[in-house]
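Comments concern the structure below.
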Amino acid sequence: MRAILTSSLALLVLGLWPAPALAQTVPAPEPAPAAQPAAPAPPARPSAFAPVEEASAEDLASVLNEQVVSGASRVTESIETAPVTASTIRADDMRKFGIRTLGEALRFLSVGVFTYDGSNAVNSVTGARGVGINGDTNRHFLFIIDGNVASSNLGTTTGWSFGLPLEMIDTIEVILGPGSVLYGGNAMLGVINIKTKSARHMSGVHVYAEYGVSPSASSSGHFSSFGPSGDGTSPRGSVSLGHAFTFLGQDAELTAQVEWAKNTLANTPIGLQTPSPSTIPGVGAVPQFGGTLSNYVIDSNTGGYARMKVGRLVVDGQLNQGTQPLAGSGAGSVFPDGSPSVSSAWTITNARLDALYSFDAGPRVSGFIRPYVLADKYQSTRAGEMGSSGCPAGGTIGSRCAITNDFVVNHQGLELQGTWDLAGDGAWQLLAGVDGRLQQTGNVNNVQDLASSKYFAPFGSFDAQGVSLGGYGQLRAQPWKWLGINAGVRADWYHNEATGLSSEPTSNPVVTGPLPSMDGSAVSPRGGIVVSPTSTTTLHASVGRAFRPPSALERYTTTASVELAGDLKPETVTSFEAGIKQKFGAQRALLTGFVSQWYDMIGLGQGSALGKVQFQDTGNIQNYGINAALEGSLGLQRFQYALSFTWGYARQTTPAPDLAGLPAALAATAQKEAPYAVNNIELQGAPSLSGNARVSYDFQGFGPVAALATSVYGPTLTSFAYTNVLAIAQGSDIPVFGYNWRSNINPKYTDPMVELRLTLTGPIPQMPAVRYRLMGSYLFSSAFTPNGYGVDPGGSVPIVANVPGLAYTPQATGQLFPTTVATVMAGLEFTLDP
Amino acid sequence: MADVYVSARNIAPVCALVLCASIALADTVAVPPSLQAKLTGKLALFDRAFAARAGDRAHVLIVIRSGEPASTRFADEFAGALKQVDAIGGLPHDEATAQYTGADSLAAAVKAQHPAIVYFSAGFTNEAHAIGAALTGVDVLTIAAEPDAVEKGIVAGFDLISNQPKIVVNLKQAESQKVQFTGALLKLAIITGG
């Protein structure tokens, strides 16, 4: 059987893999020699056979520096032989470098990834290799926890509201490039594979208490001073448990952690803003807003994660809630307070329950069955000015309305996977699986007139039911010591049906009706090759494709201005990369070049009539660049360092504009200004240059572990930079989709963002069960987000195209949303380990 | 006594199409076999007694837990990976696999055949205490695929912490089996056991 298999496979690829002789019958022992006088001691062995200490120690340290990954091919393998660019973020490094959130871990410790939290954790963006989609809430990365998908159509945050306490994390694998071949949708930029610790690595009870303080910012956004009031605070408390035991005769273990955390922005001056338009017909003047924003919570979390293993069965679950009040005192109607009965806030609730049962079907076949359920809910409540787009015009003039939104995503699924060791020695492995899922998505908006308490019927709401099915296969082969091959493909199909809830804004009756179904499919292949000409050098190349299906929100959302989308195709990306990984003793270097082409990007474009927009295909993205990284250790790992650098060129091209539905005068003006439009437009908020660096030294009993890390982003395009709005005259601001003109508002780019973090960790002297962590962090930039907050303090200036020949192009300076500039933090960890 | 050990290839235990609800081995081995083989080759360099024990050639006995497909599978992959390792402790090497039928039988076989290294595939954590007791006083380096087995009586093993391999050493067991690890290794290893 084995010879037939081997020769058959050789016909398909290259040569024969010689069958190793694995087992031999143990020979009978030699008969004992006759008793003889004790022989003289043998001569000393030549030095070539004696253990060589220090030189071999560095060589051993080099092997111990090797990393493994399990998310690239869903098989544990050396990072050197994976046909992708991957980096691992270790628990020890997260503690050592003062990391507090998943976003910070990616920013300071990964290769090729950039991330920022924006004005709050909900709006976080994670990009890679120069590509980031502002506002996508991380839907172009796939997040996995212990093999279970943690991403949903709701999006994923990377702050504390992600819900997985950091001390439970053993490793974060960051795998760049298309990952749909094994995981399905959303893995376009890559896969972030998080593995939690086993009980032996977090045994006992650990209590964590940390408190961070961030000083107020000056009017320019820079560090001002600490206290006595107005500082931002970031307290966090957490308790973890790890325990191994025996249950029903099986080895078992339980790990769990609960956490409470809250991050409040320091008092931040917001320049006086005048909304545009400044008056609303039938309502009156819209009040200015601005002042000092205080008590503004940007991230919070209450919840936890638990995992239990009994024999072959693993069950894990997560339940957490993050809340952010949308009202900060002192900022007026920027974050308007509702009536006393309405508090503006958003809340994210995540709940997951997953199980995995692994099995063996013979010495060469293994696999698992994985049932899973997920329920994510986003709730927001906010107050709006009557007559604004958020409030129906039929409400009480002069009052406000309360707008509530509930967005729910539930899915239930089952995955089956098997792995077949074809030749019995690990050299040829075939992996195959199927993954089926049911999904329910609902979005309900309600509007209440606060003066009359009258409810207006929901608008733009829907209830969608869907099913998706994926089948995948992968062959990993190492026919020779120096050659590795990885080839796989996955086919996905999805179907959604929805019912819409809608009515006229001034009526109460609700009209329901079927909405068009959403169907689609995608094929995601990937092929890779790894060549190891020496024991220290590997060359890899891979090409792959990934996709993201349209979300139910994109397909079914309707508002007063957003029309029902048409038939949306999934977004796809095809990417090629080639790289070299080189080891120099305990040091390792990486250099990778990549090219990717993105298709059918979904965004808002021109609707059926002026003033209407619609989710549709908004163009393609071209991207290429390089990743480079170097890391290593000296002095038997006492001194450790790493640095990474990414340059990524990314430009988006949009479809040609359709001027047919525009008024004649506007269409003529648009045609006249067309030569000034930029077609290959940079991506907002995606730095083409990014990198990080870190060093640490372990004084080993003579002092703490001292660690210094830095994250650097080059200038990024702001939301002010380009606009599709033409203003023929003052007050006639009309978007012309398909054109991108440089706007009348500065800044077009953020400053370069350099963040420096110094951390000291270690045990408290004479108290080995208590460890401390001291961290200080400073951001050398006035802002850390490309998102504009407001325009022209004290004035009223719309964002319009700045092109020759238009009579109305006022100039102004906008404000980018402020962020935390400096933080100092102190924390203690108490260990109770029976 | 030697015939209590038979070739794993001759009686390969097969669970066929039945889901094997036996001891869960899938997640107890942390470090992949290729990396374990590489580390085994280097680990022996740090045992001062290895050269004298091995002679001109390092014999490695790979022990498989009977009736456990995962144990057989891991042993096969480890043996395949070990063949790619140029030297163990600086010496040429060969491997043999054997089924486990008891600690005393194992000790007798080790005393008779003098392997330089006995490597325990997946599934021996619960047997490690008995194995350690049986091999006390026997000159052999024992290595376990599972890190938990080291604490219970195997001299050395491999764990994976944050995707990086770690060497785990039971110093007390090492001394009882005449294994003399150098200080350089012990600085890099996790010390466990009594």
Proximity breakdown for B:I62 and chain A, heavy-atom pairs closer than 4.5 Å: neither

Best-contacting candidate, A:E77, A:Q700, A:R90, A:K197, against chain B by heavy atom pairs under 4.5 angstrom: A:R90

A:D360 bridged to B:R73 by N-O distance under 4.0 Å: yes

Proximity breakdown for B:P147 and chain A, heavy-atom pairs closer than 4.5 Å: side chain

Chain B contact via A:T88 - which portion, at a heavy-atom distance below 4.5 Å: side chain

A:D93 and A:K96 ion-paired at < 4.0 Å: yes

Atom group of A:V365 that falls short of 4.5 Å from chain B, counting heavy atoms: backbone

Donor + acceptor pair across side chains of A:K195, B:N163 (<3.5 Å): yes

Qualifying residue for salt bridge (Lys or Arg N to Asp or Glu O under 4.0 Å) with A:K583, from A:E631, A:E66, A:E80: A:E66

Chain B contact via A:Q429 - side chain, backbone, both or neither, heavy atoms under 4.5 Å: side chain

Per-residue contact mode, B:L35 against chain A (heavy atom under 4.5 angstrom): side chain

A:D146 bridged to A:R307 by N-O distance under 4.0 Å: yes

side-chain contact (heavy atoms from CB on, under 4.5 Å) assessment of A:N65 paired with B:Q164: CA-CA 6 Å; A:N65 269 351; B:Q164 281 186 311; 3.9 Å; yes

